[in-house]
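Everything below concerns the one structure shown next.
Every chain is numbered from 1 and lettered A, B, ... according to where its sequence line falls, protein lines coming before strand lines. Note that this is a predicted model, so its numbers are computed, not measured.
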Amino acid sequence: MAKVTIRLFGAFRNYISDESVSLEIEETTTAREVRKSLENYFIKNAQNFDSKIIEESMLATDNAVLNLDDKIPVGETLAILPPVCGG
Amino acid sequence: MAKVTIRLFGAFRNYISDESVSLEIEETTTAREVRKSLENYFIKNAQNFDSKIIEESMLATDNAVLNLDDKIPVGETLAILPPVCGG
Amino acid sequence: MSIYVEFSNGPVEHSSITRNLTNNAHGAQNMFFGAVRTVNLGRNVTKIDYDLFAPLAKKVITEICEESIKQVGENADVAVIHAYNTVKIGELSIGIGVSTPHRAESYDACRYIIEEIKMRAPIWKKEYYEDGETEWVQGHALCQHNHRETA
Amino acid sequence: MSIYVEFSNGPVEHSSITRNLTNNAHGAQNMFFGAVRTVNLGRNVTKIDYDLFAPLAKKVITEICEESIKQVGENADVAVIHAYNTVKIGELSIGIGVSTPHRAESYDACRYIIEEIKMRAPIWKKEYYEDGETEWVQGHALCQHNHRETA
């Protein structure tokens with residue numbers, strides 16, 4: 001097992017006041033599995049959490065959005081990115 | 001007969017140093033006729049005048065470009081406008 | 001809806017356009033600026049003198065602005081400033097600014113205005129070249145567009 | 001060709017875009033600015049807080065700029081500045097400036113950049129309303145666009 005830090009953006013900040021969440025994950029797991037763990041974390045720790053936002057969100061490193069089937073890069077901080085609306 | 005003042009713009013300034021030309025015209029004449037008189041004036045008074053520029057130019061008042069068949073408005077200063085290239 | 005049309009003796013400043021777009025209901029601003037380039041048609045330009053027939057130019061550009069606003073649904077503010085006399089390399093000869101509630105309209109109106117100004121506004125330019133020569137730039141023959149439009 | 005991408009703590013200034021376009025070989029400058037509007041989807045907005053994931057946003061916006069320059073034939077300079085934190089009514093959240101030799105390319109590249117930023121850049125906004133409520137604005141789900149583009 002390894003610890004991964006996931007930075008929160010946009011609407012995820014509605015649910016907890018922290019800027020990031022730390023999860024224990026298997027070192028060979030995929031973005032899809034980490035997203036599922038994050039969903040469980042929010043269901044357990046946040047009031048009125050709506051899983052729809054997780055389904056529309058992607059995990060990313062500092063350099064790229066991850067495909068759901070991508071292996072999680074070891075040792076990097078991740079970010080969970082809800083639907084975007086810049087500009 | 002009446003006197004009409006025609007302001008010069010763009011390439012017409014190559015030919016004479018004045019900002020305008022005064023011509024004697026018939027009071028009921030058309031833009032086409034005035035343009036022809038202006039051509040004759042330039043042929044007579046300007047070095048190396050090329051009639052092509054007159055053919056591509058339009059007469060105008062302060063408010064509108066004149067059709068060649070329009071009657072010349074009495075008492076107004078006119079302008080001769082070569083092809084434009086603003087912006 | 002507002003329309004601001006002005007002429008500048010010498011180069012246009014970016015800020016003279018931006019300060020005219022202040023409508024708090026408009027989320028989008030598109031702007032176009034024309035600058036004097038070092039090279040035109042293969043010749044090295046040092047500066048341009050602009051000549052314009054002010055009363056008619058103001059009327060024609062105002063009409064063009066009105067047309068552009070109508071095309072994008074009336075809710076737009078427009079500012080246009082054109083230089084006359086000398087504009088040097090890197091300086092601005094024209095500035096156009098359009099604000100609208102949403103972005104597509106601001107781009108469309110701003111594009112329409114520059115295209116029509118190039119075709120219809122009584123403005124001429126004389127280029128000065130590095131070799132000392134000068135030339136009035138060939139342009140578009142005017143037609144009676146305004147007559148037709150306002151008929 | 002040059003690309004300038006930056007983030008501004010608080011509103012973007014028009015001048016921070018215009019001062020980045022200084023290429024004397026470019027006769028055309030198109031710019032887009034996004035401003036915070038008083039009303040969005042029928043609600044009275046008082047301000048917007050922007051949240052952005054800076055490292056990825058910078059990478060994605062730089063890639064978008066590169067794509068736009070490639071599309072218009074390589075000879076273009078681009079500047080993009082996006083605000084983070086608070087932007088009030090009438091203030092600017094984004095500025096985009098593109099200079100090219102001729103005008104069509106400047107409009108096309110500038111339009112491409114804003115459309116792609118809205119779809120791909122990791123940026124979010126929280127609107128504050130007159131009635132005291134707040135809301136994270138619904139947006140576009142990200143995809144692995146970058147992976148495909150750079151594959």
Side-chain angles (χ1 to χ4, degrees), chain C residues 12-41 44-48 75 77 87-115 117-118 125 127, chain D residues 12-41 44-48 75 77 87-115 117-118 125 127:
Chain C
V12 175
E13 299 293 330
H14 287 111
S15 60
S16 59
I17 291 296
T18 59
R19 72 164 168 254
N20 275 291
L21 300 181
T22 58
N23 190 326
N24 283 345
H26 290 175
Q29 303 175 355
N30 189 264
M31 297 175 201
F32 177 79
F33 295 94
V36 174
R37 292 187 295 145
T38 45
V39 177
N40 192 27
L41 302 175
N44 289 329
V45 175
T46 58
K47 65 170 184 170
I48 293 182
N75 192 356
D77 291 351
V87 182
K88 290 182 280 197
I89 295 296
E91 293 180 333
L92 305 176
S93 57
I94 186 171
I96 301 170
V98 178
S99 73
T100 53
H102 302 285
R103 66 187 181 280
E105 290 77 8
S106 70
Y107 279 89
D108 290 348
C110 185
R111 183 72 191 269
Y112 178 82
I113 291 167
I114 185 63
E115 297 300 330
I117 283 176
K118 295 217 169 240
K125 55 188 178 189
E127 290 185 337
Chain D
V12 174
E13 299 293 329
H14 286 112
S15 60
S16 58
I17 292 296
T18 58
R19 72 165 168 253
N20 275 290
L21 300 181
T22 57
N23 190 327
N24 284 343
H26 290 175
Q29 302 175 356
N30 190 264
M31 297 176 200
F32 177 80
F33 296 93
V36 174
R37 291 187 297 144
T38 45
V39 177
N40 192 27
L41 302 175
N44 289 327
V45 176
T46 58
K47 65 170 184 169
I48 293 181
N75 192 356
D77 291 351
V87 182
K88 290 181 281 195
I89 296 295
E91 293 181 333
L92 305 176
S93 57
I94 186 171
I96 301 171
V98 178
S99 72
T100 53
H102 302 285
R103 67 187 179 280
E105 290 78 7
S106 69
Y107 279 89
D108 290 348
C110 185
R111 183 73 189 268
Y112 178 81
I113 291 167
I114 185 62
E115 297 301 329
I117 283 175
K118 294 216 169 243
K125 55 188 179 190
E127 290 184 337

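In this structure, the portion of Leu92(D) lying under 4.5 Å from any heavy atom of chain C is its side chain and not its backbone. Within the 4.5 angstrom heavy-atom criterion, only side-chain atoms of Asp108(C), from C-beta onward, approach chain D. Contacts of Val36(D) with chain C are made by backbone atoms alone, with heavy-atom separations under 4.5 Å and no side-chain atom involved.
Heavy-atom minimum distance, Ala28(C) versus Phe32(D): CB-CE1, 3.7 Å. Between His14(C) and Gln29(D), the shortest heavy-atom contact is NE2-OE1, 2.8 Å. Arg103(D) and Ile114(C) make their closest contact through CD-CG1, 3.8 Å (heavy atoms, listed as atom of the first residue, atom of the second, distance).
Counting heavy atoms from C-beta outward, Lys88(D) and Asn24(C) have side chains that stay 4.5 Å or more apart.
Options Ala35(C), Gly90(C), Gly95(C), Gly34(C) differ in how many heavy-atom pairs under 4.5 Å they form with chain D, and the most are formed by Ala35(C). For the set Ala104(C), Ser106(C), Ser93(C), the count of heavy-atom pairs under 4.5 angstrom toward chain D peaks at Ala104(C). Highest contact tally toward chain D, considering only Asn40(C), Leu21(C), Asn30(C), is held by Asn30(C) [criterion: heavy-atom pairs under 4.5 Å].
Cys110(C) contributes atom SG, which lies 10.5 Å from atom CE of Met31(D) (distance to the nearest 0.5 angstrom).
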